[in-house]
K.L.:
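Okay, handing you the structure first.
Reminder, nothing fancy here: chain letters follow the sequence lines and each chain counts from 1.
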Amino acid sequence: MKVWIKQQVEEALESLAWQGLGADWVVEEPKQSSHGDYSSNVAMVLAKPLKKNPREIAQALADALRLSARFDKVEIAGPGFLNFFLKAQTYQEALVSLASQEAFKANHVAEPQRILIEFVSANPTGPMHLGHGRNAVVGDTLARILEALGHQVVREFYINDHGVQIETLGRSGIYYFKKIHGMSAGEAPGEDMYRGEYVETLVKDLSHEIKNSLGDPLSVGKTLAKVLLERVKEDLAKVDIYFDHYFSEDSLYESSKIKQSIEALKKSGKTYEEEGALWFKTTDFGDDKDRVLIKSDGSYTYFTPDIAYHQDKFKRGFDLYLNVMGADHGGYVTRMKAAVEALGFDPQKLEFLLMQLVSLKRGEVPVAMSKRSGDYVTLKEIVEEVGADATRFFFLMRSHHTSLEFDLELAKSQSSENPVYYAQYAHARLASLLRKAAEAGIDLSKLAQKIDLSSLTLPEELDLIKLMLQFGDRLNLAASFREPHRVIFYLLELAKLFQNYYTQGKTDPRYRLLDQEEEVLLQKLFLVRALKEVLANLLKICGVSAPEKM
RNA sequence: GCCCUCGUAGCUCAGGGGAUAGAGCGUCGGAUUCCUAAUCCGUGUGCGCAGGUUCGAAUCCUGCCGGGGGCGCCA
């Protein structure tokens with residue numbers, strides 16, 4: 001609709017020979033209904049290049065536009081806003097065409113991109129905690145949004161299965177093995193080991209597999225890590241997250257890709273040796289200080305295999321690379337972009353989403369968590385307590401730029417205070433209406449046809465249609481800002497508008513959806529079905545179920 | 001000290017150049033003998049501070065204040 005109005009304005013500009021002024025004007029939905037269904041700032045923006053009073057410009061445009069049969073009126077207001085008031089019929093027709101678009105496939109972008117999104121990438125040294133959960137859900141939902149817009153998305157998980165942390169895991173395992181089997185295990189594990197019950201129980205489960213390699217921490221570590229990774233996958237599956245590709249850090253060593261990328265960096269002239277180490281001159285790319293690639297003891301820093309990994313990514317030729325990671329890794333952004341650029345790729349294609357922290361509370365009571373002591377709440381526990389739907393929904397309720405307080409009490413509560421239930425209930429109610437109608441003998445297949453909707457004239461009905469028409473815009477916005485929470489807010493707006501509309505049926509017969517003459521009934525049901533479709537789509541994109549009944 | 005992020009109603013948060021800044025919760029008051037009450041309506045002296053850009057700023061720029069994160073030859 002916005003696009004159509006913009007076209008109309010452009011035609012009007014042409015008819016006045018004012019086209020091609022290039023200025024950046026928009027058509028938008030005003031906050032206030034008295035300012036029209038849509039409005040444009042075109043006259044104000046063009047005032048400067050045309051050297052005319054904005055209200056004069058607006059007047060001329062309005063005169064040219066009033067001819068269209070779809071407008072009820074076009075007004076000039078304030079400093080020169082052009083306010084468009086559409087006829088109800090315009091909305092009725094828009095709803096028919098929206099509903100006929102097979103679940104809104106027409107919103108696909110004109111130029112689909114191939115996008116690689118890397119997220120979670122949790123070390124396979126322990127269970128996933130809350131922070132991983134947020135990362136996983138936001139990353140996956142962003143992927144779903146991009147897919148809904150027609151992009152081709154690959155979800156990738158980078159496994160840190162090589163470094164010291166695997167050896168540390170092995171040492172921790174060996175300690176617990178000895179402890180369990182009454183051997184002298186040495187001192188209690190300190191900060192340089194993985195602790196917590198999960199290690200001990202894991203070792204118990206795997207005693208048989210590791211008992212012959214107690215002298216080889218790395219080997220033990222790999223055995224444990226393999227199982228831990230499987231558990232990570234299981235946890236992710238519980239919130240409906242699946243990766244297309246797991247990329248092993250270890251494979252970079254085996255294929256000597258790390259050496260190759262170091263050679264490529266050397267060639268770029270951005271490296272130098274100092275104090276027995278090889279440095280990468282990231283300060284040439286805006287970093288605070290240069291970074292070490294090869295330590296003086298000959299081993300790599302964690303950064304070096306990551307460079308090789310990103311070189312591999314870029315060689316695979318995607319249009320965009322998204323990396324979702326914790327905000328505590330923010331320092332990594334500049335140096336990774338530097339590496340990509342030095343390797344001859346476009347660093348603008350590499351984007352980072354930095355996730356802020358998650359904390360946990362139960363009503364008003366904060367739940368203490370200390371990662372250091374291994375005493376933290378896992379994603380699995382959360383899902384078991386509040387369910388997959390609430391888990392996903394709650395992780396999506398806040399912009400990832402801000403820290404998130406996850407309220408277990410609220411997530412569990414089956415009331416309208418809980419936004420998950422609120423959104424799902426709206427969908428269930430719509431489903432119930434269709435079910436009731438079918439039970440009453442209404443032939444719902446008639447809704448598949450294009451029908452006349454001239455009875456849908458209540459303001460709330462037109463508002464609902466107007467909001468539904470924003471579907472594509474809202475998704476595009478969420479995608480281009482990389483902000484999945486926008487989908488949740490849109491979903492809640494729609495749910496609220498519907499609940500309001502529905503409840504009015506209790507006092508006003510015009511708002512009854514089922515007690516109507518057959519012809520009107522079908523029109524109301526057409527709206528019901530279309531809205532249900534929209535809500536189901538949005539819930540799907542969030543990875544939350546859309547129940548038919550609650 | 002430097003870098004990133006956030007600061008909006010009592011609380012939790014939307015809003016990323018437009019007109020009178022919104023929602024949920026909380027408070028207080030009300031509706032519905034109903035197509036599921038897992039519902040709805042009413043109730044609000046708020047954009048951290050100071051400059052700047054603009055016809056127009058919560059939004060963009062600069063500085064300051066305050067919270068969080070980061071500044072290893074750790075990952």
K.L.:
Quantified in whole Å, what is the P atom distance between nucleotide B:U59 and nucleotide B:C47?
P.N.:
12 Å
K.L.:
Is NZ or CZ of A:R529 both nearer than 6.0 Å to the six-membered ring centre of A:F526 and within 45° of the ring axis?
P.N.:
yes
K.L.:
Take N1-N3 plus N6-O4 or O6-N4 for Watson-Crick, N1-O2 plus O6-N3 for G-U, both under 3.5 Å. Which runs of 3 or more such pairs involve RNA chain B?
P.N.:
B:1-7 with B:65-71, B:10-13 with B:22-25, B:28-31 with B:39-42, B:48-52 with B:60-64
K.L.:
For A:R474, give me all partners under salt bridge (charged side-chain N to carboxylate O under 4.0 Å, His left out), at least two apart in sequence or on another chain.
P.N.:
A:E493
K.L.:
For a quick test of reading the model: is some side-chain N or O of A:K289 closer than 4.0 Å to OP1 or OP2 of B:C3?
P.N.:
no
K.L.:
Please pick, from B:G70, B:U12, B:G72, the nucleotide with the shortest atom-to-atom distance to any side-chain atom of A:D288.
P.N.:
B:G70
K.L.:
I'd like to check the salt bridge (charged side-chain N to carboxylate O under 4.0 Å, His left out) partners of A:D161; sequence neighbours left out, ordered by chain and number.
P.N.:
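Result, salt bridge (charged side-chain N to carboxylate O under 4.0 Å, His left out) vs A:D161: none returned.
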K.L.:
Looking at the base of B:U20, is there any donor atom on it, or on the side chain of A:Q32, that sits under 3.5 Å from an acceptor on the other one?
P.N.:
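In this structure, the two groups form a donor-acceptor pair.
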K.L.:
Using a heavy-atom cut-off of 4.0 Å across all strands, would you classify A:A47 as base, sugar-phosphate, or nothing?
P.N.:
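If one applies the 4.0 Å heavy-atom cut-off, A:A47 turns out to touch nothing in the nucleic acid.
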K.L.:
A:E75: which residues meet the salt bridge (charged side-chain N to carboxylate O under 4.0 Å, His left out) condition with it, sequence neighbours left out?
P.N.:
A:K73
K.L.:
Side chain of A:K48 only, please: which of B:A14, B:U20, B:U54 is the nearest?
P.N.:
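For the A:K48 side chain, the nearest candidate turns out to be B:U54.
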K.L.:
Across the strands shown, which category fits A:F352 at heavy-atom distances under 4.0 angstrom: base, sugar-phosphate, nothing?
P.N.:
nothing
K.L.:
With the side chain of A:K31 defined as its heavy atoms from C-beta on, choose the nearest nucleotide among B:G24, B:C13, B:A58.
P.N.:
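The answer is B:A58, which lies nearest to the side chain.
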K.L.:
Let's see if you get this right: which residues in residues 294-302 of chain A place a heavy atom under 4.0 Å from RNA chain B?
P.N.:
A:K295, A:S296, A:T301, A:Y302
K.L.:
So what does A:V26 touch, heavy atoms closer than 4.0 Å: a base, only the sugar-phosphate, or nothing?
P.N.:
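Nothing, no heavy atom under 4.0 Å.
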K.L.:
Atom CG of A:D508 to atom P of B:C35: distance rounded to whole Å?
P.N.:
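From A:D508 CG to B:C35 P: 15 Å.
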K.L.:
With the six-membered base ring of B:A19 as reference, does the ring of A:H35 sit under 5.5 Å away with planes under 30° apart?
P.N.:
yes
K.L.:
On RNA chain B, compare the nucleotides closest to A:K549 and A:E275; which residue's is nearer the 5' end?
P.N.:
A:K549
K.L.:
Side chain of A:R429: nearest nucleotide among B:A19, B:U36, B:A14?
P.N.:
B:U36
K.L.:
Expressed as a whole number of angstroms, how long is the span from A:F303:CZ to B:C73:P?
P.N.:
12 Å
K.L.:
Can you see whether A:W25 has A:K6 sitting over its ring - NZ or CZ less than 6.0 Å from the centre and within 45° of the normal?
P.N.:
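Yes; both conditions hold, so A:K6 lies above the ring face of A:W25.
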K.L.:
Could you say whether the aromatic ring of A:F81 and the base of B:A19 stack, counting only centre distances under 5.5 Å and plane angles under 30°?
P.N.:
yes
K.L.:
Check RNA chain B against residues 417-426 of chain A and give the residues with a non-hydrogen atom under 4.0 Å, in numerical order.
P.N.:
A:E417, A:Y421, A:Y422, A:Y425
K.L.:
Does the gap between the ring centers of A:F157 and A:F247 come in under 6.0 Å?
P.N.:
no
K.L.:
Please step through side-chain hydrogen bond (donor to acceptor under 3.5 Å, both in side chains) for the pair A:D250 and A:S248, ending with a clear verdict.
P.N.:
CA-CA 5 Å; A:D250 220 20; A:S248 153; 5.3 Å; no
K.L.:
Considering only the C1' atoms, how many Å lie between B:C60 and B:C2, rounded to the nearest integer?
P.N.:
23 Å
K.L.:
The side chain of A:Q414 is closest to which nucleotide in this list: B:A38, B:G72, B:C40?
P.N.:
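Per side-chain heavy atoms of A:Q414, the pick is B:A38.
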K.L.:
Counting only side-chain heavy atoms from C-beta out, which of B:C35, B:C40, B:C55 sits nearest to A:Q499?
P.N.:
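Selected nucleotide (nearest to the side chain): B:C40.
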K.L.:
CD1 of A:I488 versus P of B:G15: gap in Å, rounded?
P.N.:
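Going from A:I488 (CD1) to B:G15 (P), I get 13 Å.
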K.L.:
Where the side chain of A:W279 is concerned, which of B:C73, B:G24, B:C55 is the nearest nucleotide?
P.N.:
B:C73
K.L.:
Go through A:I258 and A:Y309 one step at a time and tell me if the side chain to side chain contact (heavy atoms under 4.5 Å, CB included) criterion holds.
P.N.:
CA-CA 8 Å; A:I258 300 176; A:Y309 173 45; over 6 Å; no
K.L.:
Less than 4.0 Å between a side-chain N and a carboxylate O, is that true for A:D284 and A:K281?
P.N.:
yes
K.L.:
If you compare all heavy atoms of A:R510 against all heavy atoms of A:K524, which two are closest, and at what distance to 0.1 Å?
P.N.:
O-NZ, 3.0 Å
K.L.:
What is the glycosidic conformation of B:G16: syn, defined as within 90° of 0, or anti?
P.N.:
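With its glycosidic angle within 90° of zero, B:G16 counts as syn.
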K.L.:
Hey, which sits more toward the 5' end of RNA chain B by its nearest nucleotide, A:E483 or A:E548?
P.N.:
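The answer here is A:E483.
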K.L.:
Mind checking if A:H485 touches a base, just sugar-phosphate, or nothing, with heavy atoms under 4.0 Å?
P.N.:
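Answer is sugar-phosphate: A:H485 comes under 4.0 Å of backbone atoms only.
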K.L.:
Which of these nucleotides, B:A19, B:U36, B:U12, is closest to any side-chain atom of A:A428?
P.N.:
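Comparing B:A19, B:U36, B:U12 against the side chain of A:A428, the answer is B:U36.
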K.L.:
For the pair made of CG in A:L491 and P in B:A23, what is the distance, rounded to whole Å?
P.N.:
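The distance from CG of A:L491 to P of B:A23 comes to 18 Å, rounded to the nearest Å.
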K.L.:
By nearest atom, which of the nucleotides B:G16, B:G70, B:G15 is closest to the A:F481 side chain?
P.N.:
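Of all the options, the side chain of A:F481 is nearest to B:G16.
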K.L.:
Counting side-chain heavy atoms from CB outward, which of B:A75, B:U20, B:A38 is closest to A:M550?
P.N.:
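So the side chain of A:M550 is nearest to B:A38.
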